[in-house]
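Below: the structure, in structure tokens.
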Amino acid sequence: MLIATWNINGLGARFEFLVYWLKARRPDVVGLQELKATADNVPIPALEDLGYHAAVCGQKAWNGVAVLSRHPIEEVQSGLPGEEEAGARLLRVKTAGLDFTTVYCPNGKDIDHLDYPRKLAWFDSLRDYLGGSLGADESAVLCGDFNIAPTRLDTHDEDRLAGGIHHTEAERERFRALLDLGFVDLFRELHPETVKFSWWDYRFGAFHRNLGLRIDFLLATEAVRERVQEVETDRDYRKKKEGLIASDHAPVMARLGA
DNA sequence: ATGACGACAAACTGTCGA
């Protein structure tokens, strides 16, 4: 079974590219972020034709998350409780035997911006919400765009960027607090020393110079981690495909055994 | 190296992203 997370940067702009990727990789379950679309803008019949069920937590223009699954989906939670003002950023479902949550965590903009303390507070809310509802032996996945580079291995320039947005100790504490709930970072578990990014700026020729960040994660509980065979960043799909423009994020995928 | 890119809403420019 293949699970994945992907910030697609606009469902309307990316749908054809998304279909292309779904056909190529055939993931069983995928968490999508940054739909920038409402639920009724999601082309459900086209997804059904490809064999996917869909659950959507959307809003106009910004944010928005969804789960696509080749297995039936039971929606558990749409929106992070207490953080409604931050937008459509969390969706939790049961599918394929998993407690599967996908999140689009706030960016924060800059450490001097009002959005930065709001970002930290949002992570506190996420920890409190999950901490109160996560079963110890559960097969749970928490995936998405976390907008935090957890360690110096997860950024192209720790020396220059440390202390700035995505690289502050306060953000990194928030990330570790999620791990403390019983999650592990699947990519880092399998590749303790590997520098591989999941996001590259559209500007500066950043992708081709590999000036990126690893901010998209598949976190999972031990029951899932035991099943993991491989984890990879689908870097090839950060590239233009048949004239279609890619997202600025690459998908991150994990192969699970039975 | 902070400009370059791209999406979106609304309007042909501004805001946001990370």
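Quick caveat, the model's predicted, so the values are computed rather than measured. In what follows, chains are A, B, ... by sequence order, proteins preceding strands, each numbered from 1. Reckoned from all heavy atoms, side chains included, excluding hydrogens, waters and symmetry mates.
A straight line from CG of Asp145(A) to P of dC16(B) spans 17 Å, rounded to a whole angstrom. In this structure, Leu211(A) atom CG and dA1(B) atom P are separated by 11 Å, rounded to whole Å. Computed from coordinates, the Phe204(A) CZ to dG6(B) P distance equals 13 Å when rounded to whole Å. Per the geometry, NZ belonging to Lys36(A) stands 15 Å off P belonging to dT15(B), to the nearest Å. Across the protein-nucleic acid pair, Tyr202(A) atom OH and dC16(B) atom C1' stand 13 Å apart, rounded to whole Å. One can place CG of Asp110(A) at 15 Å from P of dT2(B), the figure rounded to the nearest angstrom. Atom CG of Leu244(A) is separated from atom P of dC5(B) by 19 Å (rounded to the nearest Å). Tyr104(A) has its OH atom 15 Å from the P atom of dA7(B), to the nearest Å.
Shortest non-hydrogen contact noted between Arg238(A) and Ala250(A) is CB-CB, 4.3 Å.
Here the side chain of Ile215(A) is nearest to one of dA1(B), dG6(B), dA18(B), namely dA18(B).
Residues Asp234(A) and Trp21(A) have side chains that bring a donor and an acceptor to within less than 3.5 angstrom of each other. Asn41(A) and Thr38(A) share a side-chain donor-acceptor pair at under 3.5 Å. Looking at Thr155(A) and His167(A), their side chains do bring a donor and an acceptor atom within 3.5 Å of each other.
The separation of dC16(B) from dT2(B), taken at their C1' atoms, amounts to 15 Å, rounded to a whole angstrom. Rounded to whole Å, the C1' atom of dT15(B) lies 11 Å from the corresponding atom of dA10(B). Between dG14(B) and dA1(B), the two P atoms lie 28 Å apart (nearest whole Å). Annotation: dA18(B) and dA7(B) have their P atoms spaced 14 Å apart (nearest Å).
At the heavy-atom level, Ile165(A) lies nowhere under 4.0 Å from the strands shown. Using a 4.0 Å heavy-atom distance criterion, Asp201(A) is classed as making no nucleic acid contact.
A close approach under 4.0 Å does occur between a side-chain nitrogen or oxygen of His249(A) and OP1 or OP2 of dA18(B). Lys60(A) has no side-chain polar atom (N or O) that falls below the 4.0 Å cut-off from OP1 or OP2 of dC8(B).
For the segment residues 5-16 of chain A, residues with any heavy atom less than 4.0 angstrom from an atom of DNA chain B are, sorted by number, Asn7(A), Asn9(A), Gly10(A), Gly12(A), Ala13(A), Arg14(A).
Judged by the 6.0 Å distance and 45° axis criteria, Arg92(A) is not positioned over the aromatic ring of Phe100(A).
Taking the six-membered ring where tryptophan is involved, the planes of His249(A) and Trp199(A) are tilted, since the angle between them lies from 30° to 60°. Relative orientation of the Phe175(A) and Phe146(A) rings is perpendicular, given thresholds of 30° and 60° on the angle between their planes.
Residue Arg203(A) is the one, among Gly108(A) and Arg203(A), whose nearest nucleotide of DNA chain B lies closer to the 5' end (criterion: closest heavy atom). A residue-by-residue look at Leu161(A) and Glu34(A) shows that Leu161(A) has its nearest nucleotide of DNA chain B further toward the 5' end.
Residue Arg160(A) places no side-chain atom within donor-acceptor reach of the base of dA1(B), judged by atom type and a 3.5 Å distance cut-off alone.
A 6.0 Å sphere centred on NZ of Lys241(A) holds more than 12 heavy atoms belonging to other residues, nucleotides or ligands.
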